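Here's the structure we're looking at; comments come further down.
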Amino acid sequence: MTEPIIHTCQRCGACCRWEGDVCLTDADITAIAAFLHMSEEDFINDYCHLQRNRKGLSLIDAEDGACIMLCENGCRIQPVKPQQCIDFPYKWNFPGWENRCPGAGKTSYEP
């Protein structure tokens, strides 16, 4: 039996700085474009690229490698963040994630 994952997001942005694709569903694209007051076509042209596996779209990276939606105050699309972001770390994660995430093992928000 595996241990349940204990995690409370500290909104530190560490996961937004990890290498990898932030895969977008059609629903993500629709919601994010509307939230940013953009057409879906403009959102895709300005903020997306083809995933490495060529099976869909992902958010582009900022110059420093972080998610393009990460800003000084956190995620600029927090209310409509992609399903992949919502699902971390409960539905997907990677070996060693808990060593890189300050929220691992926490059961309450601790700024």
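Values in this document were obtained by computation on a predicted structure and should not be read as measured data.
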Notebook entry, point to check: Is Asn45 atom CG crowded by more than 12 heavy atoms from other residues, nucleotides or ligands, each under 6.0 Å away?
Noted result: yes
Note to self: With ring-ring contact (aromatic ring centres under 6.0 Å, His included) as the rule and sequence neighbours excluded, what pairs involving residues 47-86 come up?
What the structure shows: Phe43-Tyr47
Note to self: Please check this pair: side chain of Asp21 against backbone of Leu59, looking for a donor-acceptor N/O pair closer than 3.5 Å.
What the structure shows: no
Next item on the list: Not counting sequence neighbours, list each pair that qualifies as a ring-ring contact (aromatic ring centres under 6.0 Å, His included) and has a residue in residues 60-85.
Entry: none
Notebook entry, point to check: Hey, quick one: are Ile60 and Leu57 part of the same hydrophobic cluster, counting side-chain heavy atoms closer than 4.5 Å, chains of contacts allowed?
Noted result: yes
Next item on the list: Enumerate the residue pairs fulfilling salt bridge (Lys or Arg N to Asp or Glu O under 4.0 Å) with a member in residues 40-53, sequence neighbours excluded, ordered by first and then second residue.
Entry: Glu19-Arg52
Checklist line | Gln51: partners by side-chain hydrogen bond (donor to acceptor under 3.5 Å, both in side chains), with sequence neighbours left out | finding: none
Check: Which residue pairs satisfy the ring-ring contact (aromatic ring centres under 6.0 Å, His included) criterion with at least one member in residues 64-84, sequence neighbours excluded?
Finding: none
Notebook entry, point to check: Looking only at heavy atoms, which two atoms of Val22 and Cys85 are closest? And how far apart?
Noted result: CG1-SG, 3.9 Å
Next item on the list: Not counting sequence neighbours, which residues clear side-chain contact (heavy atoms from CB on, under 4.5 Å) with Val80? List them please.
Entry: Ala31, Ile32, Phe35, Ile77
Notebook entry, point to check: Which heavy atom in Cys23 sits nearest to a heavy atom in Ser58, and how many Å separate them?
Noted result: CA-OG, 3.8 Å
Notebook entry, point to check: Of all heavy-atom pairs between Asp28 and Pro82, which one has the smallest distance, and what is that distance?
Noted result: OD1-CA, 3.5 Å
Check: With sequence neighbours left out, which residue pairs that include part of residues 55-76 fulfil the salt bridge (Lys or Arg N to Asp or Glu O under 4.0 Å) condition?
Finding: none
Next item on the list: Please go through Leu70's hydrophobic cluster and name the other residues, only I, L, V, M, F, W, Y counting, with side-chain heavy atoms under 4.5 Å joining them.
Entry: none
Notebook entry, point to check: Just by modelled atom types, is the Gly13 backbone N or O under 3.5 Å from a matching donor or acceptor in the Arg17 side chain?
Noted result: yes
Note to self: Please say yes or no: joined through hydrophobic side-chain contacts below 4.5 Å, possibly via intermediate residues, are Leu36 and Ile29 part of one cluster?
What the structure shows: yes
